[in-house]
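Take a look at the structure below.
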Amino acid sequence: MIIVLKPKVSKHEIQDLVEKVESYGLTAHVSQGTETTIIGMIGDVTKVDPKQLEVSPVVDHVMRVSEPYKLANRAFHPEDSIIDVAGVKVGGDHLALIAGPCSVESKEQVIMIAKAAKAAGANMLRGGAFKPRTSPYAFQGMGTTGLDILLAAKEETGLPIVSELMSAEYIEEFNEKVDLVQIGARNMQNFDLLKEVGKRCTKPILLKRGLSATYEEWIMSAEYIMASGNPNVILCERGVRTYETYTRNTLDLQAIPVIKRLTHLPIIIDPSHAGGKWWLVEPMAKAAVAAGCDGLMIEVHNDPEHALCDGPQSLKPEKYTELLKQVGEIAHIVGKEIK
Ligand SMILES: [Mn+2]
């Protein structure tokens, strides 16, 4: 249930209402926009009588929210959330451009790709140090050493770092070294991990959509993180499993308007894992920006033929540079800026 307040309500009046909500044994979540202030009531609202709240002169109206997610719900927070990743803004009219190799392979490799990505216009560097691989015999990533290599690349280029966390055991290390913590598709419903990153992770979270997750399941996973104490969640569509086997997955671009309608969270698109083929990345990336996404996460590798992971879907730096030129023009048309 949410309480929509009248314009120009004082802090003191908001506090009075928060106390009233808390007196029902509920949690109050205040969202102050430029126009209106909303108080979300979280908990068992069955015994709350909306009329009792509407008698207050500062209350405009009280609404029931039927969706099971509250904190991520756009009704609770009508304006777009803008999430700060080490100074790079994601959401609203900002476009995040995340690039880098699937796996960190060596210091020379990561620094070379980071410099090329930055020169092309990327504003964040991604690299996998801990890799969730389908086969236990495949390369599992460099782990902690990989994170240190990413840090060296950050020192060299200034690009904030995005990397995937697979186990709660490493949260403190990620807090220290990583700027945007990715929770991968396979862990989207690892609820214990979601609760731990909500509680202990001090950095924003990039939550990938599960391989066959519905929108509601995906948003509920974001809700887990938010309800556990970390409000800074960015969603990432990376293709879903369909009957089609020609492409690795099927990119669901409808996710962009749907997520924006249902939530206030930014949504970025990963066309690399969606298609699984490098030549699909460019058209899908352009379509995603045209559809209003808040960012792109693209695999870039200097030598895709010899990459230890996901070579066939990686772009060479020259192709990425060419792509970002076109993305810049489309972004301009849809009112997004790249910084
Ligand atoms: Mn990959």
Side-chain angles (χ1 to χ4, degrees), residues 96-106 109-110 112-114 116-117 120 122 124-143 145-147 149-150 153 159-167 170 174 178-188 190 205-213 234-241 245-252 255 268-282 284-285 288 293 295-317 319-320 323:
L97 295 168
I98 308 170
C102 183
S103 311
V104 172
E105 297 170 14
S106 73
Q109 170 233 19
V110 174
M112 182 195 292
I113 297 172
M124 278 188 235
L125 171 68
R126 66 146 278 170
F130 295 87
K131 301 299 302 172
R133 302 302 298 275
T134 304
S135 165
Y137 310 118
F139 176 57
Q140 303 287 308
M142 292 178 80
T145 316
L147 292 183
I149 290 176
L150 287 167
L159 294 176
I161 291 168
V162 188
S163 201
E164 176 168 355
L165 173 79
M166 283 167 52
S167 159
Y170 294 102
F174 271 62
V178 172
D179 300 295
L180 177 58
V181 177
Q182 178 182 316
I183 299 294
R186 287 156 190 84
N187 273 321
M188 189 205 84
N190 182 343
I205 308 296
L206 180 66
L207 180 66
K208 285 201 154 192
R209 183 180 186 178
L211 275 69
S212 53
I234 300 167
L235 298 172
C236 178
E237 155 67 27
R238 42 78 71 203
V240 288
R241 182 163 287 185
T245 55
Y246 181 73
T247 50
R248 182 172 177 177
N249 293 287
T250 297
L251 182 62
D252 176 14
I268 71 164
I269 296 293
D270 171 356
S272 306
H273 290 89
K277 299 180 196 297
W278 68 269
W279 51 270
L280 277 170
V281 172
E282 183 204 306
M284 292 301 99
C293 73
L296 295 170
M297 183 154 81
I298 293 176
E299 285 187 339
V300 175
H301 199 286
N302 53 314
D303 183 13
E305 290 85 355
H306 298 101
L308 292 180
C309 179
D310 288 350
Q313 67 192 33
S314 298
L315 292 188
K316 288 185 181 162
K319 286 262 178 229
Y320 183 68
L323 168 63

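Whatever order the structure lists ligands and atoms in, that order sets their numbers, starting from 1.
- Residue Glu105 comes nearest to Val110 through the heavy atom pair N-CG2, 4.5 Å, listed as atom of the first residue, atom of the second, then distance.
- Annotation: side chain to side chain contact (heavy atoms under 4.5 Å, CB included) contacts of Ser167 (sequence neighbours excluded): Glu169, Tyr170.
- Distances under 2.8 Å from the Mn ion (ligand 1) pick out the protein N/O/S atoms Cys102 SG, His273 NE2, Glu299 OE2, Asp310 OD2.
- Judged by distance alone, the side chains of His301 and Asp310 never bring a donor and an acceptor atom under 3.5 Å apart.
- Of all the heavy atoms in Met166 and Pro132, the pair that sits closest is SD-N, 3.4 Å.
- The minimum heavy-atom distance between Pro101 and Gln109, with the atom names listed, is CB-NE2, 3.5 Å.
- Under the 4.0 Å criterion applied to side-chain N and carboxylate O atoms, Arg126 and Glu164 are not assigned as salt-bridge partners.
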